[in-house]
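To find a chain, count down the sequence lines: A is the first, B the second, and so on, and within it residues start at 1.
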Number of protein chains: 2
Amino acid sequence: MKLQRHNAIRELLVGSRVTNQDELRRKLRRRGFAVTQATLSRDIHELRLYKGPGGYSLPSLNGHTPAAETGEDDGPPSMAEVMASFGLRVNHAMNQVIVRTVMGGAQPVAAALDHEEWPDVVGTVAGDDTVLVICPDSRRAGEVESRLKKILES
Amino acid sequence: MKLQRHNAIRELLVGSRVTNQDELRRKLRRRGFAVTQATLSRDIHELRLYKGPGGYSLPSLNGHTPAAETGEDDGPPSMAEVMASFGLRVNHAMNQVIVRTVMGGAQPVAAALDHEEWPDVVGTVAGDDTVLVICPDSRRAGEVESRLKKILES
DNA sequence: ACCGCGCATGAATAAATATACAACAGATCT
DNA sequence: AGATCTGTTGTATATTTATTCATGCGCGGT
């Protein structure tokens with residue numbers, strides 16, 4: 001339940017402007033999520049959202065890397081979440097890994113992946129439903145692939 | 001007066017962590033600026049600061065792109081201009097070069113790169129914040145990488 | 001000089017956000 | 001089954017942030 005709501009929030013934020021939590025609450029309600037402001041305050045904290053001029057934004061939308069700031073990252077936090085709801089399948093070819101996602105899911109997945117800053121990931125390119133992950137070489141592409149597959153299946 | 005205070009705030013933010021306006025008020029007072037929370041709320045608005053996990057941060061430290069906002073176009077923007085505004089870092093793997101940019105910056109960077117028509121660039125693919133540059137081979141990818149890095153650091 | 005205007009500010013207060021606490025639902029035991 | 005633990009949520013409230021309103025200051029025009 002919470003997971004779907006979190007993803008709904010992510011999607012809302014990339015699509016529209018949200019200035020405060022009550023506005024977010026109303027928009028979510030229209031999408032079938034009826035929760036209170038208190039819950040959203042907690043969600044916002046968990047999603048590590050930023051608030052600035054123009055309302056709330058995803059960490060990946062403003063280039064912030066919360067992990068780098070807080071210094072500690074307790075395992076794979078959002079990657080598992082995001083993959084669970086968007087990820088479909090994973091393949092690799094040469095030094096590239098292809099992650100197929102549901103429509104519109106590539107962006108969040110790539111953002112989460114960037115956020116994790118895996119040493120074997122040189123960069124990502126996200127379309128609408130496909131993420132292209134570039135690795136240093138073929139071997140490490142294979143490792144990244146299996147790592148993503150494991151996350152996907154967990 | 002306000003200007004000095006604004007600068008003091010900027011400096012404080014890069015040096016230390018500020019989680020709320022009252023903390024900011026106390027830190028500023030130690031530096032000789034005695035103002036109330038109300039004033040700081042206005043300052044924060046004027047400085048377009050962001051608040052996220054870990055407190056307040058400068059727009060320049062996240063995805064804000066002043067250059068893109070003040071956008072007045074006088075001809076084709078040079079690679080240097082575009083990279084200065086959008087570019088974050090450059091890597092390469094095999095025959096590919098990855099240019100990370102701020103959100104939404106990939107498109108302009110790729111366009112500028114295409115426009116320059118470097119012989120070592122076979123083609124480019126732009127996502128939202130990443131440009132994938134394809135080169136003929138690994139060696140020339142390395143050259144393109146260092147060339148872009150030099151531009152980025154200038 | 002006086003007046004009027006714009007701007008910066010503080011005090012008070014409204015609005016927005018975070019949290020303490022309690023209730024509840026599902027697990028996972030014995 | 002009952003006991004206990006863990007995690008999620010709502011209510012009520014505390015804390016934090018934005019705004020309203022009033023005041024004072026400097027400046028240009030009359």
Side-chain angles (χ1 to χ4, degrees), chain A residues 1-13 16-59 61-62 64 66 69-70 72-85 151 153-154, chain B residues 1-13 16-59 61-62 64:
Chain A
M1 184 85 275
K2 191 162 76 155
L3 239 87
Q4 285 94 314
R5 192 178 62 243
H6 279 193
N7 286 319
I9 290 172
R10 285 181 206 270
E11 286 173 23
L12 265 176
L13 288 189
S16 70
R17 170 154 306 192
V18 180
T19 321
N20 60 45
Q21 298 180 2
D22 211 58
E23 189 180 333
L24 177 59
R25 188 181 57 74
R26 290 192 296 274
K27 292 191 174 182
L28 278 174
R29 197 181 32 179
R30 263 180 262 139
R31 298 199 173 194
F33 297 93
V35 290
T36 59
Q37 172 265 326
T39 298
L40 295 184
S41 172
R42 289 183 276 248
D43 286 346
I44 283 167
H45 182 82
E46 283 157 23
L47 289 169
R48 312 177 98 72
L49 300 185
Y50 274 75
K51 187 182 186 182
Y56 287 100
S57 60
L58 297 175
L61 286 182
N62 59 26
H64 256 287
E69 286 174 2
T70 60
E72 31 101 7
D73 208 342
D74 46 349
S78 53
M79 199 57 216
E81 282 181 42
V82 177
M83 279 298 276
S85 42
I151 288 174
E153 284 151 15
S154 65
Chain B
M1 185 84 273
K2 191 161 76 155
L3 238 86
Q4 285 93 314
R5 193 177 61 242
H6 279 192
N7 286 323
I9 290 172
R10 284 181 207 272
E11 284 172 25
L12 265 176
L13 288 189
S16 70
R17 169 154 308 190
V18 179
T19 36
N20 62 44
Q21 298 181 1
D22 211 57
E23 189 180 331
L24 178 59
R25 188 181 57 75
R26 289 192 298 274
K27 292 191 176 184
L28 278 174
R29 196 180 31 175
R30 263 181 262 136
R31 298 202 171 191
F33 296 94
V35 290
T36 60
Q37 172 267 325
T39 298
L40 295 183
S41 172
R42 290 184 275 248
D43 286 345
I44 283 167
H45 182 81
E46 284 157 22
L47 289 169
R48 310 181 97 72
L49 300 184
Y50 276 75
K51 186 184 186 180
Y56 287 99
S57 60
L58 297 175
L61 288 181
N62 53 42
H64 237 283

**Between dT17(C) (C1') and Glu23(A) (CD): distance, integer Å** = 15 Å
**Prompt:** Could you state the CD-C1' distance from Gln21(A) to dG10(D), rounded to the nearest angstrom?
**Reply:** 15 Å
**Complete:** Out of dG10(C), dG10(D), dT9(C), minimum distance to the side chain of Arg5(B) belongs to dT9(C)
**Message:** Using salt bridge (Lys or Arg N to Asp or Glu O under 4.0 Å), reason through Arg17(A) and Glu23(A) one step at a time and then give a plain yes or no.
**Reply:** CA-CA 9 Å; Arg17(A) 170 154 306 192; Glu23(A) 189 180 333; over 6 Å; no
**Fill in**
Closest of dT17(C), dT9(D), dT17(D) to the Tyr56(B) side chain is dT17(D)
**Request:** Would you mind telling me which of dA18(C), dG10(C), dT9(D) lies closest to the side-chain atoms of Arg42(B)?
**Result:** dG10(C)
**Prompt:** Roughly, in whole Å, what's the span from CD1 in Ile44(A) to P in dA16(C)?
**Reply:** 13 Å
**Complete:** To the nearest angstrom, the CZ-C1' distance between Arg48(A) and dT17(C) comes to 18 Å
**Request:** Verify, without hydrogens or angle tests, whether Thr39(B) (side chain) and Val35(B) (backbone) share a donor-acceptor contact under 3.5 angstrom.
**Result:** no
**Message:** So, OP1 or OP2 of dT17(C): does either fall under 4.0 Å of a side-chain N or O from Ser41(A)?
**Reply:** no
**Prompt:** From dT17(C), dT9(D), dA18(D), pick the nucleotide closest to the side chain of Gln37(A)?
**Reply:** dT17(C)
**Item:** Length of the line joining Lys2(B):NZ and dG10(C):C1', which is rounded to integer Å
**Value:** 15 Å
**Item:** Side chain of Ala38(A) (C-beta onward), nearest among dT11(D), dT9(C), dT17(C)
**Value:** dT11(D)
**Asked** For atom NE2 of His6(B), is the number of surrounding heavy atoms from other residues, nucleotides or ligands below 6.0 Å larger than 12?
**Response** yes
